Amino acid sequence: MDNFKVKKIAVKNFKSLSNFEISDLTDFVCLIGVNGSGKTTVLQLLGFIKALMNGNVKEWLASQDLTANELLTIGTEKKFSIEIRIEAVLNSSEVYWEGKFNTRELRCSSEIMQDDNAKYSYSSGKFITKISDETKSADFSNLKYDGSIFSLYATKLGGQLKQLKLFGVLDPHAIASSTRQSSKNVPVDVEENGKNLCGFFANLPLDSQKKIFEDLQQFYPTLKKYEVKKQRFGWKTILLSELEKTAFNATSLSYGTLRLYLMLSQQYADCPLVLFDEVENGLNQELFDKFVKMLLGYKDHGKQIVVTTHSGLLLNYLPDAVAAESVLFLYKDRNNFTKAKKFFKIPALQEKLQIMGPGEAMGDTDLNALSESLRKED
């Protein structure tokens, strides 16, 4: 697997992200802020970038119950264009992609990508490739595509962005339901609401299955064993046992336990970046210590993780050094556009972190008042 990490995200004219940027991103990124500050919008932006790279913007818009025009920032002069730039490190090489998405055409009108040892540019139907000192051009003016030109042209960076995984509102019934695999050669991917977890888990190597189950036992110690049950016509389900001779379907697990099952499993997914909205939902506070260690452990599997949370207690289990670099505070400026600052780089919070834990410092801060003070500064 390639070593990939997003370092910077910049966007203009996407919903409340009128002129938004976050940089110096670490393996673990935690977005906090009051309701309506734009946390979920940042995750939605990454989902949009994935749709661009996969060339399925129409399907993505339908899944979000949006029209293309509803993606645009209200009141800006740029009526039809969304500008995006992603900077990353790919196998120790600095790479980037930037594009201008036209909401009328549902595709990027111009793009530039630096990908390993090659540079690509596309504008007005002309596609230029430069590798070392050799430059080639091609006329793509009659090419029909949806989203990004790189949905059709294979690149390493584009391949990484195509695999981003975003989990929003998870459906416990979907997580626990049986999965039907149409073909042994087609991998089972867990959907945004958690659907197909059973099929994904069943297709993992046995040692990975056992490790996930053992990790789940740390949170749910009454579990004794698991079994992947194969049914007719390609259906698969997971049976779990608390007693030697009693098995029950995964649908009997609590919402929090099902979420844990999914989060533990995605450490083994073929994706470089995983995003979870309101990551603490459904979990007892007594589990936060182990839970945070699990989230930080994603990097041991070569993955970057971005989460949103409202829980100060969850932050309390972050090492101070990690919290200082990874926790981003989102707020609205005086024009009601989303901005971001590293929470513990704000002078007042930096001082609190010297004498308090990260969660205690968050709990000791009126986030609404902090948002208002930052709003006046911008």
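For the numbers below, each heavy atom of this structure counts, side chains included, while hydrogens, waters and symmetry mates do not. All values derive from a computational prediction rather than experimental measurement.
Annotation: side chain of F219 is not in contact with side chain of L283 (no heavy-atom distance under 4.5 Å). Counting only heavy atoms from C-beta outward, the side chains of L161 and F150 never approach each other to under 4.5 Å. Proximity of L157 to F4: side-chain heavy atoms (C-beta onward) are separated by under 4.5 Å at one or more points. For the pair S326/V29, no side-chain contact is recorded, criterion being any heavy-atom separation below 4.5 Å from C-beta on. With a 4.5 Å cut-off on side-chain heavy atoms, T257 and L216 count as touching. In this structure the side chain of V306 reaches within 4.5 angstrom of the side chain of L31, judged on heavy atoms. At least one side-chain heavy atom of K119 sits under 4.5 Å from a side-chain heavy atom of I112. Side chains of L318 and L296 form a contact here, defined as non-hydrogen atoms less than 4.5 Å apart.
Among all heavy-atom pairs drawn from H310 and E278, the shortest one is NE2-OE2, 4.1 Å. Residue A88 comes nearest to V6 through the heavy atom pair CB-CA, 3.9 Å, listed as atom of the first residue, atom of the second, then distance. The two residues L374 and K341 have their closest heavy-atom pair at CD2-CE, 3.8 Å. The nearest pair of heavy atoms linking Q44 to L66 is NE2-CD1, 3.7 Å. Nearest heavy atom pair, residue A324 against residue L353, reads CB-CD2, 4.3 Å. Considering every non-hydrogen atom in both G38 and T338, the closest pair reads CA-OG1, 3.8 Å.
Between W60 and F48, the ring planes are tilted. Angles from 30° to 60° get that label. Ring-plane geometry between Y122 and Y145 is classed as perpendicular, the angle between the planes exceeding 60 degrees on a 0 to 90 degree scale with a lower cut at 30. In this structure, F288 and Y317 have perpendicular ring planes: the angle between them is above 60°, well past the 30° mark. The aromatic rings of Y226 and F213 sit tilted relative to each other, their planes meeting at an angle between 30° and 60°.
Salt-bridge check for K345 with E325: passed, with a basic side-chain N closer than 4.0 Å to an acidic carboxylate O. Note on D2 versus K156: no salt bridge recorded, every NZ/NE/NH1/NH2 to OD/OE distance being 4.0 Å or above. Ion pairing between a basic and an acidic side chain is recognised when a charged N comes within 4.0 Å of a carboxylate O; E134 and K136 show such pairing. Electrostatic pairing of K5 and D27 counts as a salt bridge here, judged by a charged N lying under 4.0 Å from a carboxylate O. For the pair K211 and D207, the salt-bridge criterion is not met [side-chain N within less than 4.0 Å of a carboxylate O].
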Could you please spell out the steps behind the side chain to side chain contact (heavy atoms under 4.5 Å, CB included) verdict for E59 and N54?
-> CA-CA 11 Å; E59 291 85 346; N54 281 291; over 6 Å; no

Could you walk me through whether L367 and M362 pass side chain to side chain contact (heavy atoms under 4.5 Å, CB included), step by step?
-> CA-CA 8 Å; L367 298 185; M362 178 180 172; 3.9 Å; yes

Give the C-alpha distance, both sets of side-chain angles, the deciding distance and a yes or no for salt bridge (charged side-chain N to carboxylate O under 4.0 Å, His left out) between K352 and D364.
-> CA-CA 9 Å; K352 289 182 180 181; D364 190 59; 3.2 Å; yes

Dump the intermediate steps for side chain to side chain contact (heavy atoms under 4.5 Å, CB included) on L164 and M53, then the final yes or no.
-> CA-CA 10 Å; L164 302 183; M53 289 297 161; over 6 Å; no

CA sep, side-chain torsions, deciding dist, call: S141, D139, side chain to side chain donor-acceptor pair (under 3.5 Å) | CA-CA 6 Å; S141 56; D139 183 5; 2.7 Å; yes

Side chain to side chain donor-acceptor pair (under 3.5 Å) between N102 and S109, intermediate numbers included = CA-CA 6 Å; N102 187 306; S109 56; 5.2 Å; no

E94 and E87: CA distance, side-chain angles, deciding distance, side chain to side chain contact (heavy atoms under 4.5 Å, CB included) verdict | CA-CA 7 Å; E94 294 184 357; E87 297 179 9; over 6 Å; no

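The hydrophobic clustering, which links ILVMFWY residues whose side-chain heavy atoms are closer than 4.5 Å, places L349 and V34 together. The cluster map of Ile, Leu, Val, Met, Phe, Trp and Tyr, joined by side-chain heavy atoms under 4.5 Å apart, puts L106 and L152 in the same cluster. Linking Ile, Leu, Val, Met, Phe, Trp and Tyr whenever their side-chain heavy atoms come within less than 4.5 Å puts L61 and L72 in one cluster. Cluster annotation: L197 is connected to M294 through the hydrophobic network of ILVMFWY side chains, with a link wherever side-chain heavy atoms come within less than 4.5 Å. Hydrophobic clustering, with ILVMFWY side chains joined whenever heavy atoms are under 4.5 angstrom apart, keeps L46 apart from V89.
Using modelled atom types, no side-chain atom of D333 and backbone atom of R375 make a donor-acceptor pair closer than 3.5 Å. Side chain of Q209 to backbone of A202: a donor-acceptor contact under 3.5 angstrom is found. Between the K303 side chain and the A269 main chain, a donor and an acceptor come within less than 3.5 Å of each other. A donor-acceptor pair under 3.5 Å links the side-chain atoms of N13 to the main chain of S81, judged by distance alone. Here the side chain of Q285 pairs no donor or acceptor atom with the backbone of L313 at under 3.5 angstrom. Side chain of Q266 to main chain of V274: no donor-acceptor pair is present (N/O by atom type, distance under 3.5 Å, no hydrogens or angles). No donor-acceptor pair closer than 3.5 Å links the side chain of S137 to the backbone N or O of I128. Judged purely by atom type and a 3.5 angstrom limit, K39 has no side-chain atom pairing as donor or acceptor with the backbone of V307. Side chain of K210 to backbone of P205: no donor-acceptor contact under 3.5 angstrom is found. A donor-acceptor contact shorter than 3.5 Å is absent between the side chain of R107 and the backbone of V57.
Taken from NZ in K12 to CD1 in I82, the straight-line distance is 13.5 Å, to the nearest 0.5 Å. The CG atom of N193 sits 8.0 Å away from atom CD1 of I175, with the distance rounded to the nearest 0.5 Å. To the nearest 0.5 angstrom, T41 atom OG1 is 10.5 Å from L71 atom CG. A distance of 4.0 Å separates CG in L370 from CZ in F329, rounded to the nearest 0.5 Å.
A cation-pi arrangement, defined by a distance under 6.0 Å to the six-membered ring centre and an angle within 45 degrees of its axis, is present between R85 and Y96.
Around atom NZ of K195, no more than 12 heavy atoms belonging to other residues, nucleotides or ligands sit under 6.0 Å away. In this structure, K7 places its NZ atom where more than 12 heavy-atom neighbours from other residues, nucleotides or ligands lie under 6.0 Å away. Counting non-hydrogen atoms of neighbouring residues, nucleotides and ligands closer than 6.0 angstrom, the NZ atom of K100 reaches no more than 12 such neighbours. Residue H173 qualifies as open at atom NE2: its count of foreign heavy atoms under 6.0 Å is 12 or below. Other residues, nucleotides and ligands contribute at most 12 non-hydrogen atoms within 6.0 Å of the CG atom of D65. More than 12 heavy atoms of other residues, nucleotides or ligands lie within 6.0 Å of CD in Q217, so this atom counts as buried by the packing criterion. Heavy-atom contacts from other residues, nucleotides or ligands closer than 6.0 Å to NZ of K229 number 12 or fewer.
Across F140, Y120, W97, a single residue satisfies ring pair (Phe, Tyr, Trp, His ring centres under 6.0 Å) together with Y153, and that is Y120.
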